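Just so we're clear, the structure is a prediction, and the values are computed from it rather than from any experiment.
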Amino acid sequence: MRLGLALGYWGRGPSPGHVALAQEAERLGYDSVWTAESWGSDVFTPLAWIAAHTSRIRLGTAVAQMAARPPTTTAMHALTLDHLSGGRMMLGLGLSGPQVVEGWYGRPFPSSPLTATREYVDVVRQVLRREAPVELAGRFHSHPYRGPGATGLGKPLKPITHPLRPGLPILLGAEGPKNVAQTTRIADGWLPLYWSPTRPEVYGPAVRELPEDFLVAPLAQARVCDDVAEGLLPVKAMLGFYIGGMGHAARNFHADLMARMGYEEEAHRIQELFLSGHREEAVLAVPDAFADEISLVGPRERIAERLELWRKGPVTDLLALAPDPHTLRVLAELNSS
């Protein structure tokens, strides 16, 4: 199982320690480093900055939001960064949810998310392969565009720049069983947001029969500390925000996944508290047991024991949201022992 460093997205401003963490991860033998975006910092610019300050570690987006850019634009970002980094780029994509797609990007959330994702990946692959001009008579992504308001003058185009790697890896963030199943068919890997090594069945039967060389790269908060309950607080804060605030009460993919993992009542309670303005209470309502099973928190010996559970399943890459060099070092030592 390889290790990756997940840096997430910025909060109020740039995170001054991200480059140093990425450099330390590279020194410790980590395989990859990943950035993210929500509705603030973008996913590609920080990754380019990290690429300029590292030499070996692979670079990934976890995730680039599909609503943020047409698929051709995303492919341009990926092929450009792949060239500049010497072939280290991995493209992780995610659909996000109606709240972000419609509220921030000002676009309709696709009525068929599976179809929209499939078309998006199709266009990105066409750009990266550069075998012919990009053409797709899609429901959500048409190239050339021939819909309402079209001039009729558009023509199929190939990228001017020749991609460095036609097979640049594409990974998808997916949570529902149907989405996970499609991901195994059209992508090179999967980025689970919440992964429980003790109950992979919640993601559907596709997890039991993965394609050869398919990447399974879950994100997990990691922290070496003496007090487990205290160490879980950042995990619970993240869960409270995603389950309570990243979506509408009637449609929240994160809450749906938590419910499938056996915490349906707790998920509803977190949503109720968060959406009524009681954010601190929402965080405290996240069960320690749920936060614990999707993270690696506690003393070194405890993390070593739990790391064995992650190694036994289909996980190929553990992407650690690790806030400090000490945790990075302990994970590297334990994973190599």
Do the side-chain N and O atoms of [X] and [Y] include a donor-acceptor pair separated by under 3.5 angstrom?
| X | Y | value |
| --- | --- | --- |
| Thr54 | Arg88 | yes |
| Gln23 | His53 | no |
| Tyr120 | Thr74 | yes |

Taking the side chain as C-beta and beyond, is there a heavy-atom pair between [X] and [Y] under 4.5 Å?
| X | Y | value |
| --- | --- | --- |
| Lys158 | Val134 | no |
| Asn335 | Arg311 | yes |
| Asp31 | Leu3 | no |

Could you label the plane-to-plane angle of the Trp39 and Phe241 rings as parallel, tilted or perpendicular, counting under 30° as parallel and over 60° as perpendicular?
->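 Because their plane-to-plane angle lies in the 30° to 60° range, the rings of Trp39 and Phe241 count as tilted.
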Straight-line distance of Phe44 CZ to Glu37 CD, nearest 0.5 Å =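 The distance works out to 7.0 Å.
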Separation of Ser85 OG from Arg58 CZ (nearest 0.5 Å) =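 Between atom CZ of Arg58 and atom OG of Ser85 there are 11.0 Å.
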Charged N to carboxylate O below 4.0 Å: is that the case for Arg306 and Glu301?
->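 Salt bridge absent between Arg306 and Glu301.
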Side chain to side chain contact (heavy atoms under 4.5 Å, CB included) partner of Pro71, chosen from His143, Met66, Glu119 = His143
Applying side-chain hydrogen bond (donor to acceptor under 3.5 Å, both in side chains) to Glu293 and not counting sequence neighbours gives Ser196, Arg199, Tyr263
